[in-house]
Amino acid sequence: MATAAQWIEGARPRTLPNAIAPVLAGTGAAASIDGAVWWKAGLCLLLSLALIIGVNYANDYSDGIRGTDDERVGPLRLVGSKLATPAAVRNAAIGCLAVGAVIGLVLVATSAWWLLLVGAACLAGAWFYTGGRNPYGYSGFGEIAVFVFFGLVAVLGTEYVQAGRIDWAGIACAIAVGSFSSAVLVTNNLRDIPTDSESGKTTLAVRLGDTRTRTLHLVLIAVPFLATLALVARTPFALAGLIALPLAFKANEPVRSGKNGPGLIPALAGTGLALLVWSIATAAALTFG
């Protein structure tokens, strides 16, 4: 029986910046056009956290029952390590996704009905990433899904439910956050190339191979700083986003130096930290600049 601490570790807390950052960036974009609604921002944050934890448990469940996590290099997996039953982890995933769905319905009711379709797509994307007969995460589409859902949808959705519209600054923030979030997954999949290849999980990293995956990580963490330069057109204080540049450079160090296995774990935390710092600085600049 898994302990409370193991359940928390199984929720993959290091991925939480991927949930917090898009809400910060989207709220900053809304504030820059005088559209921030703070209680809606709070609901967006709770929704984002519920979804990412639900996704993490769903992945733990689906990968565990397939045997993909039998030989783990990275953080704890509840089903793969047999600390929790598949049914318990599945129910935890469904519970978190259900909480997210309820919060989403509140936002739909106070915004636009068509967001219900977006929410349904998010739930489907969460489950079928590694779930179902043909999970798209096993076919190399995981990074694209992360870019879309944790970048474009999360940031622009946060801006829209508050301001009632989206604008170019929101799009720039969405591209930046999506790139950072995809870089986190690229790091994870780079580390797991050997085990994923053996288990038949054809991630984008498996398709690209080691060298090109490392190049992709570098490109993805560079894109947000190009977005920073673009956001200067909204406010010169957007240059505050460059404070995350040393963190991004440090996060890329294990990747560019050829580290493998556990040696890449610091790159996961480092990329997430760079994402969070960039989002905090950029949101503050757009809100108060």
Side-chain angles (χ1 to χ4, degrees), residues 4-5 7-32 35-61 89-127 129 145-166 170 173-174 176-178 180-181 184-185 272-273 275-280 282-284 286-287:
W7 276 102
I8 292 172
E9 187 176 355
R12 308 183 197 180
R14 289 179 180 174
T15 66
L16 296 187
N18 296 65
I20 298 169
V23 178
L24 291 173
T27 299
S32 74
V37 181
W38 299 107
W39 67 267
K40 287 188 176 182
L43 286 181
C44 287
L45 179 58
L46 292 175
L47 168 60
S48 190
L49 288 169
L51 288 181
I52 199 167
I53 294 173
V55 167
N56 289 340
Y57 281 141
N59 292 347
D60 191 310
Y61 164 74
V89 177
R90 180 197 62 209
N91 292 340
I94 292 172
C96 291
L97 295 177
V99 169
V102 171
I103 298 171
L105 288 174
V106 174
L107 290 170
V108 167
T110 58
S111 306
W113 69 267
W114 54 265
L115 289 174
L116 187 64
L117 302 178
V118 177
C122 289
L123 292 175
W127 187 260
Y129 171 55
V146 166
F147 182 85
V148 170
F149 290 118
F150 286 100
L152 302 183
V153 172
V155 175
L156 298 179
T158 297
E159 182 182 20
Y160 182 84
V161 298
Q162 294 181 66
R165 65 187 178 96
I166 60 175
C173 287
V177 171
F180 263 134
S181 294
V184 173
L185 183 58
L273 179 61
L275 162 63
L276 188 58
V277 170
W278 185 91
S279 299
I280 291 171
T282 301
L286 292 174
T287 301

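Predicted model, so just to flag it, every value in this text is computed and none were measured.
Applying the side chain to side chain donor-acceptor pair (under 3.5 Å) rule to S32 yields the partners R234; only residues at least two apart in sequence or on another chain are considered. Taking F149 as the reference, nothing meets the ring pair (Phe, Tyr, Trp, His ring centres under 6.0 Å) condition, with sequence neighbours excluded. For S279, there are no side chain to side chain donor-acceptor pair (under 3.5 Å) partners, not counting sequence neighbours.
Side-chain atoms of D60 and R12, non-hydrogen and from C-beta on, do get closer than 4.5 Å to each other. Residues V146 and Y129 have side chains not in contact (no heavy-atom distance under 4.5 Å, counting atoms from C-beta outward). Side chains of N56 and C96 form no contact here, defined as non-hydrogen atoms less than 4.5 Å apart.
C44 SG to W39 CH2: the interatomic distance, rounded to the nearest 0.5 Å, is 9.5 Å. Between atom CG of residue L286 and atom SG of residue C173 there is a gap of 5.0 Å, rounded to the nearest 0.5 Å. Note that CG of L273 and CZ of F180 are 9.5 Å apart. Values are rounded to the nearest 0.5 Å.
Heavy-atom minimum distance, I52 versus T15: CD1-O, 3.2 Å. Contact record, G178 with F147: C-CD1, 3.4 Å, taken as the closest heavy-atom pair. The minimum heavy-atom distance between W127 and I94, with the atom names listed, is CZ3-CG1, 4.4 Å. Pairing each heavy atom of L97 with each of G54, the nearest pair is CD2-CA, 4.0 Å. Taking all atoms of both residues into account, the shortest heavy-atom contact from W7 to Y57 is O-OH, 2.7 Å. Taking both residues in full, the closest heavy atoms of G100 and L47 are given as O-CD1, 3.0 Å, listed atom of the first, atom of the second, then distance.
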For residues 16-29, which side-chain N or O atoms pair as donor and acceptor with protein atoms under 3.5 Å away, sequence neighbours left out?
from : atom 1 : to   : atom 2 : distance (Å)
N18  : ND2    : S181 : OG     : 3.3
T27  : OG1    : V23  : O      : 2.8
T27  : OG1    : Q162 : NE2    : 3.0

Ignoring hydrogens and angles, write down the donor-acceptor pairs under 3.5 Å from the side chains of residues 151-161, residues two or more places apart or on other chains.
from : atom 1 : to   : atom 2 : distance (Å)
T158 : OG1    : A154 : O      : 2.7

Enumerate, atom names and distances included, each donor-acceptor pair closer than 3.5 Å involving a side-chain atom of residues 110-119, sequence neighbours excluded.
from : atom 1 : to   : atom 2 : distance (Å)
T110 : OG1    : V106 : O      : 3.1
T110 : OG1    : L107 : O      : 3.2
S111 : OG     : L107 : O      : 2.7

